[in-house]
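Just the heavy atoms: all of them, side chains too, but no hydrogens, waters or symmetry mates, feed the values below. Heads up: numbering here begins at 1 and tracks the sequence.
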Amino acid sequence: MVTKQLIEILLNIIINLINEVKDMNEFKERLNKIAQLLDESDNIIIGAGAGLSTAAGIEYDGKRFTDNFQEFIDKYDMTDMYTSGFYPFDTEEEKWAYWARHIYLNNVGMQSTKLYTKLYDLVKDKNYFVITTNVDDQFFKSNFEASCVFATQGSYNYIQCSKGCHPKVYKNSQLIKEMINSTDKDLKIPYDLVPKCPVCDGPMDPHLRKDHYFVEDEHWHYQSNAYNEFINSCVNEKTLLLEFGIGFNTPSIIRFPFEQMTYKIKDWTLARFNRSHFEVAVEYHKTWKLMTPEELSKIDAFNDFLSRYIRFSEDIEEILDNLL
């Protein structure tokens with residue numbers, strides 16, 4: 001005899017299966033739309049944040065951190081690579097012992113990842129430009145044209161004067177390898193390997209935008225101009241913006257501008273790839289606020305924008321595999 005409880009279980013299974021089919025069909029619809037846009041668009045603009053590198057396996061915490069930094073964890077009680085970058089080391093010898101390993105693991109000693117290579121394969125024959133806040137140089141390692149990449153926040157592959165006393169950065173790959181090989185049991189490098197500013201003789205830092213001393217050198221300004229020129233050249237053309245892994249850490253660099261450009265330019269479409277955070281910053285009733293797509297759909301003024309705003313919370317590599 002079929003019990004009421006069994007009927008409820010079967011109904012729940014059927015409902016879940018129906019919802020899964022609906023979700024799969026909706027996912028395919030979004031994939032097909034992106035595939036069509038990739039074919040039809042005159043230009044592709046990629047905006048990449050930390051979430052893209054995390055999806056590529058460049059994680060700053062968890063097992064990857066503990067496997068590579070256990071001695072530093074034991075000595076300094078570090079919890080992850082991001083916060084460790086702000087640790088107040090007592091000496092430059094200790095600071096660079098840590099940073100050498102951090103930089104080697106996340107850039108100097110790392111090859112291109114599969115995810116970035118797949119992204120390159122997706123756009124290599126398109127007219128594209130990349131703006132990224134990532135400092136791991138994965139775009140350069142994955143064969144993207146260097147002239148088409150603007151790394152706004154610097155690169156692990158360079159160092160600068162810690163006080164930014166002059167607008168120049170210096171390649172550090174060989175020095176980093178020497179530091180790695182010379183780090184002693186006390187987690188210090190030899191004093192003679194500590195980099196000194198060639199102008200003011202002060203300490204050096206990794207070339208990262210962590211304070212107002214960040215050096216914007218000649219190349220940085222050249223790529224900034226190139227990016228802005230590319231944006232301007234696309235205004236009257238069909239353009240697809242692919243935004244990967246950007247939350248609200250530094251949204252004013254890529255996230256908010258991408259939203260505003262899409263809202264204002266009717267031939268542009270924004271595809272946002274993220275695990276969450278699909279809110280949009282909008283000016284409404286003379287004030288700026290974050291609104292969900294569901295909230296925006298109730299306001300007629302944003303209907304056209306929503307038709308050109310595609311969201312993906314699914315695995316980025318799975319999406320690229322489908323598109324390829």
Side-chain angles (χ1 to χ4, degrees), residues 23-56 115-134 138-139 142 144 148-150 227 230-231 234-235 237-248 250-251 253-282 290-294 296-297 302-324:
D23 289 343
M24 181 58 68
N25 288 337
E26 194 268 340
F27 175 53
K28 288 181 178 178
E29 288 177 6
R30 285 181 282 128
L31 278 176
N32 289 336
K33 189 171 183 179
I34 290 296
Q36 183 178 352
L37 286 164
L38 283 165
D39 285 337
E40 295 177 351
S41 295
D42 301 304
N43 315 288
I44 307 294
I45 303 174
I46 295 174
L52 181 60
S53 286
T54 299
L115 182 60
Y116 276 87
T117 300
K118 289 176 181 180
L119 181 55
Y120 171 70
D121 288 339
L122 187 69
V123 303
K124 62 184 179 183
D125 297 322
K126 310 293 183 181
N127 186 36
Y128 69 81
F129 207 102
V130 176
I131 179 171
T132 181
T133 54
N134 296 338
Q138 276 294 307
F139 284 104
S142 303
F144 283 80
C148 299
V149 179
F150 177 31
Y227 172 65
F230 187 87
I231 292 289
C234 299
V235 169
E237 298 179 340
K238 194 164 187 175
T239 300
L240 174 61
L241 295 92
L242 302 176
E243 181 195 291
F244 295 97
I246 298 177
F248 292 102
T250 54
I253 298 174
I254 299 172
R255 184 186 179 101
F256 292 165
F258 272 29
E259 292 172 354
Q260 288 302 300
M261 288 187 291
T262 304
Y263 179 73
K264 293 175 181 177
I265 306 173
K266 303 306 180 184
D267 279 336
W268 286 27
T269 299
L270 168 60
R272 175 166 285 162
F273 303 81
N274 217 332
R275 287 297 188 187
S276 57
H277 300 308
F278 292 104
E279 304 94 331
V280 178
V282 297
L290 289 174
M291 299 180 72
T292 65
E294 292 73 25
L296 287 174
S297 66
F302 297 106
N303 285 342
D304 180 63
F305 168 80
L306 286 174
S307 70
R308 296 178 289 106
Y309 176 43
I310 309 170
R311 287 93 67 194
F312 288 91
S313 60
E314 295 83 3
D315 180 78
I316 295 175
E317 189 159 6
E318 178 188 353
I319 295 167
L320 294 181
D321 285 339
N322 276 279
L323 292 171
L324 287 167

Run E279 and M291 through side chain to side chain contact (heavy atoms under 4.5 Å, CB included) and show every step you take. CA-CA 5 Å; E279 304 94 331; M291 299 180 72; over 6 Å; no
Who passes salt bridge (charged side-chain N to carboxylate O under 4.0 Å, His left out) against [X], sequence neighbours left out?
{"X": "D315", "answer": "R275"}
{"X": "E29", "answer": "none"}
{"X": "R272", "answer": "E243, E259"}

Using the six-membered ring wherever Trp is involved, compare the ring planes of F312 and F27 and label them parallel, tilted or perpendicular (cut-offs 30° and 60°).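 Plane angle over 60°, so perpendicular.
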What's the shortest heavy-atom distance between F256 and A281, and which atoms?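 Result for this residue pair: CE2-CB, 3.6 Å.
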Taking all non-hydrogen atoms of both residues, which atom of P257 and which atom of P251 are closest, and how far apart?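 Of all heavy-atom pairs spanning P257 and P251, the closest is CD-O, 3.7 Å.
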Heavy-atom check, side chain of [X] versus side chain of [Y], under 4.5 Å:
{"X": "I131", "Y": "F258", "value": "yes"}
{"X": "E314", "Y": "F273", "value": "no"}
{"X": "C148", "Y": "V130", "value": "no"}
{"X": "L324", "Y": "K118", "value": "yes"}
{"X": "L270", "Y": "R308", "value": "no"}
{"X": "D304", "Y": "Y263", "value": "no"}
{"X": "L119", "Y": "F139", "value": "yes"}
{"X": "I44", "Y": "L38", "value": "yes"}

Determine, step by step, whether F248 and R255 satisfy the side chain to side chain contact (heavy atoms under 4.5 Å, CB included) criterion, reporting the C-alpha distance in whole Å, the side-chain angles of both residues, the deciding distance to 0.1 Å, and the verdict. CA-CA 8 Å; F248 292 102; R255 184 186 179 101; 3.4 Å; yes
Please list all pairs passing the side-chain hydrogen bond (donor to acceptor under 3.5 Å, both in side chains) test where one or both residues lie in residues 122-133, with sequence neighbours left out.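 Found N43-N127.
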Straight-line distance of [X] [atom1] to [Y] [atom2], nearest 0.5 Å:
{"X": "L240", "Y": "I310", "atom1": "CG", "atom2": "CD1", "value": "7.0 Å"}
{"X": "I34", "Y": "T269", "atom1": "CD1", "atom2": "OG1", "value": "7.5 Å"}
{"X": "N322", "Y": "L31", "atom1": "CG", "atom2": "CG", "value": "5.0 Å"}
{"X": "F244", "Y": "L242", "atom1": "CZ", "atom2": "CG", "value": "5.0 Å"}
{"X": "F305", "Y": "Q260", "atom1": "CZ", "atom2": "CD", "value": "8.5 Å"}
{"X": "I265", "Y": "L241", "atom1": "CD1", "atom2": "CG", "value": "8.5 Å"}

So, for Y227 and F129, is the gap between ring centers shorter than 6.0 Å?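 Yes.
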Looking at Y309 versus F278, is the centre-to-centre ring distance below 6.0 Å?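 Between F278 and Y309, which both carry aromatic rings, the centre distance is not below 6.0 Å.
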Does the side chain to side chain contact (heavy atoms under 4.5 Å, CB included) test come out yes or no for F302 and V280, once each step is laid out? CA-CA 11 Å; F302 297 106; V280 178; over 6 Å; no
Given side chain to side chain contact (heavy atoms under 4.5 Å, CB included), test T239 with D42 step by step and report yes or no. CA-CA 6 Å; T239 300; D42 301 304; 5.5 Å; no
For the pair D267 (side chain) and E237 (backbone), establish whether a donor and an acceptor sit closer than 3.5 Å, ignoring hydrogens and angles.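 Judged by distance alone, no pair lies under 3.5 Å.
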Regarding N134 and Y116, is there a side-chain donor-to-acceptor distance under 3.5 Å anywhere?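 There is such a pair between these side chains.
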For A55, what residues pass the side chain to side chain contact (heavy atoms under 4.5 Å, CB included) criterion, not counting sequence neighbours?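 With neighbours one apart ignored, the set is L115, I316.
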If the condition is side chain to side chain contact (heavy atoms under 4.5 Å, CB included), which residues does E294 pass it with, not counting sequence neighbours?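 Partners of E294 by the side chain to side chain contact (heavy atoms under 4.5 Å, CB included) criterion, ordered by chain and then number, come out as T292.
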